[in-house]
Asker: 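Quick one: this structure, given as structure tokens, is what I'll be asking you about.
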Amino acid sequence: MIKGLLTSLLAAAALVASPGIGSAQAPATPSYYPADYGATIEASRKENGLVIYSNMANNNWKPVLDGFRQSYPWIKVETLDLGSGTVHSRWEAEAGSGARTADLLVSGANDRWAAYGLDGRMLDYRSPEAEKLPAFGKPYPGVFVASSDPLVLTYNTALLKEGQRPTGLASLAKMAAADPGTYKGRITTYDAARNSFGLAAWWQTLHEKGDAGWTALRTIGPMIRGEVSGGPMNEKIAAGEYVVGIAVSGITIFPRLDEPGGKILGFAFPDDGTPVMLRGMGIPKQAANINSAKLFLDFLLSNKGQTLLGKGGLVPYREDVAESEVRYTYQGIAQKVGEKNMIVVGFGKALIDEAKPFVEKWNAAMQGR
């Protein structure tokens, strides 16, 4: 009995002595991190978690969140899956209201990132991971690239057999012109007039393709039903409502391929120019939980974070990420399609200056004009 009581007392003492979530040991940091980085870690313990607004789904985030939780178990992370434009319109509306809002923004609304970079609305945080990134990974002070995601052709493999599947924009325009009955009202893409992601992607694509690109778009324009999100596009392609999608974000289809019924969907990197969306990321200057946001941003830009991002269907761009660990890397796609065939969708000021006339021209092309 005495022995049993002693065992119980020792167990209770061990439980009291063991650290809880709030006092969990800080993770070891790389040698190139600043000596005072521990102060950021300790300050995060006093914060109220982390809120992220992004245009990424839960399945994209899951591997990253699981990895981050292992390092910083005391930081509760909440992610909201919003449209690219909504990420920014919601944050901008909330930022001046005093309501709790995002501590970190991640999106493909590259026109907004260009504006923030020029206006200085993001915290000019100098991540210790910045020197490990290629130059395009840090376009403006406080604005970083989270991932480099290709836009692909997607199609219903049951409705379009081998030999019937388009391989690019020009190929799709040719097939649709020859067989309008198959394609009328059954092509989808991001509507550049209603979606910031689509605006950036199509602006860069047509800027590089020039007249040939606009001619192809006018051919298929009247057959297109635009969407504002990639997930519904792929679901409607799988259901047969659409037969093909063009310039569809790869992050919405890559994880879907591994799910039950995923074989009904197929995809291809466009052979006449594969757009690659540089997905922006930044910490607002007014973020309530700024230390937690810094830790998360650094983790996401690290080799481990980029690898986990790749496991969630996104495309890492750090040169030290092994493609064997993920589906694709930026460097692997460049090798696959040819670097000259990549249309990199960045953060140029022209996205802001030329948006209005571009949308007018886009709307005309959707009517075949």
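Residue numbers count from 1 along this sequence. Side chains are part of it too, since the values below use all heavy atoms of this structure and drop only hydrogens, waters and symmetry mates.
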Asker: In terms of side-chain geometry, is the basic nitrogen of Glu129 or Lys132 positioned less than 4.0 Å from the acidic oxygen of its partner?
Answerer: no

Asker: May I ask you to decide whether Arg126 forms a salt bridge with Asp124, counting only side-chain N to carboxylate O separations under 4.0 Å?
Answerer: yes

Asker: Please give me the minimum heavy-atom distance between Thr189 and Met233, naming the atom from each residue.
Answerer: C-CE, 3.4 Å

Asker: Okay, side chain of Asn110, backbone of Gly346: is any donor-acceptor separation there less than 3.5 Å?
Answerer: yes

Asker: Check this for me: does any side-chain nitrogen of one of Arg225 and Asp191 sit under 4.0 Å from a carboxylate oxygen of the other?
Answerer: no

Asker: Please say which of Ser148, Ser54, Ser249, Ser107 ends up in a side-chain contact (heavy atoms from CB on, under 4.5 Å) with Arg279.
Answerer: Ser249

Asker: Keeping Ser84 on the side-chain end and Gly108 on the backbone end, is there a donor-acceptor pair under 3.5 Å?
Answerer: yes

Asker: If you draw the axis of the six-membered ring of Trp214, does the NZ or CZ of Lys361 fall within 45° of it and under 6.0 Å from the ring centre?
Answerer: yes

Asker: Parallel, tilted or perpendicular: which fits the ring planes of Tyr140 and Phe347, with parallel below 30° and perpendicular above 60°?
Answerer: perpendicular

Asker: Test side-chain hydrogen bond (donor to acceptor under 3.5 Å, both in side chains) on Tyr317 and Asp149 and set out the steps.
Answerer: CA-CA 9 Å; Tyr317 64 94; Asp149 305 306; over 6 Å; no

Asker: Test side-chain hydrogen bond (donor to acceptor under 3.5 Å, both in side chains) on Asp81 and Tyr53; report intermediate values, then the result.
Answerer: CA-CA 7 Å; Asp81 178 12; Tyr53 288 0; over 6 Å; no

Asker: Backbone N or O of Val228 within a donor-acceptor pair of the Arg194 side chain at under 3.5 Å?
Answerer: no

Asker: Under the 3.5 angstrom rule, does the side chain of Asn55 hit a backbone N or O of Val87 as a donor-acceptor pair?
Answerer: no

Asker: Between Lys236 and Glu227, does at least one N-O distance fall below 4.0 Å, as a salt bridge requires?
Answerer: yes

Asker: Tell me if a side-chain donor or acceptor on Asn156 pairs with a main-chain N or O of Leu159 at a distance below 3.5 Å.
Answerer: yes

Asker: Please report the shortest heavy-atom distance between Glu208 and Val344, naming the atom on each side.
Answerer: OE2-N, 4.4 Å

Asker: Would a distance-only check, ignoring hydrogens and angles, find a side-chain to backbone donor-acceptor pair under 3.5 Å from Glu47 to Asn291?
Answerer: yes

Asker: Do you know the tightest heavy-atom contact between Glu42 and Ala26?
Answerer: OE2-CB, 4.5 Å

Asker: Arg327 side chain to Phe254 main-chain N or O, any donor-acceptor pair under 3.5 Å?
Answerer: yes

Asker: If the plane angle is over 60° it's perpendicular, under 30° parallel, otherwise tilted; pick one for Phe68 and Phe296.
Answerer: perpendicular

Asker: Is it the case that Asn289 and Asp103 place a side-chain donor and acceptor less than 3.5 Å from each other?
Answerer: yes

Asker: Hey, are Asp119 and Arg121 close enough for a salt bridge, meaning a charged N less than 4.0 Å from a carboxylate O?
Answerer: no

Asker: Do the side chains of Lys311 and Asp66 get close enough for a salt bridge, i.e. N-O under 4.0 angstrom?
Answerer: no

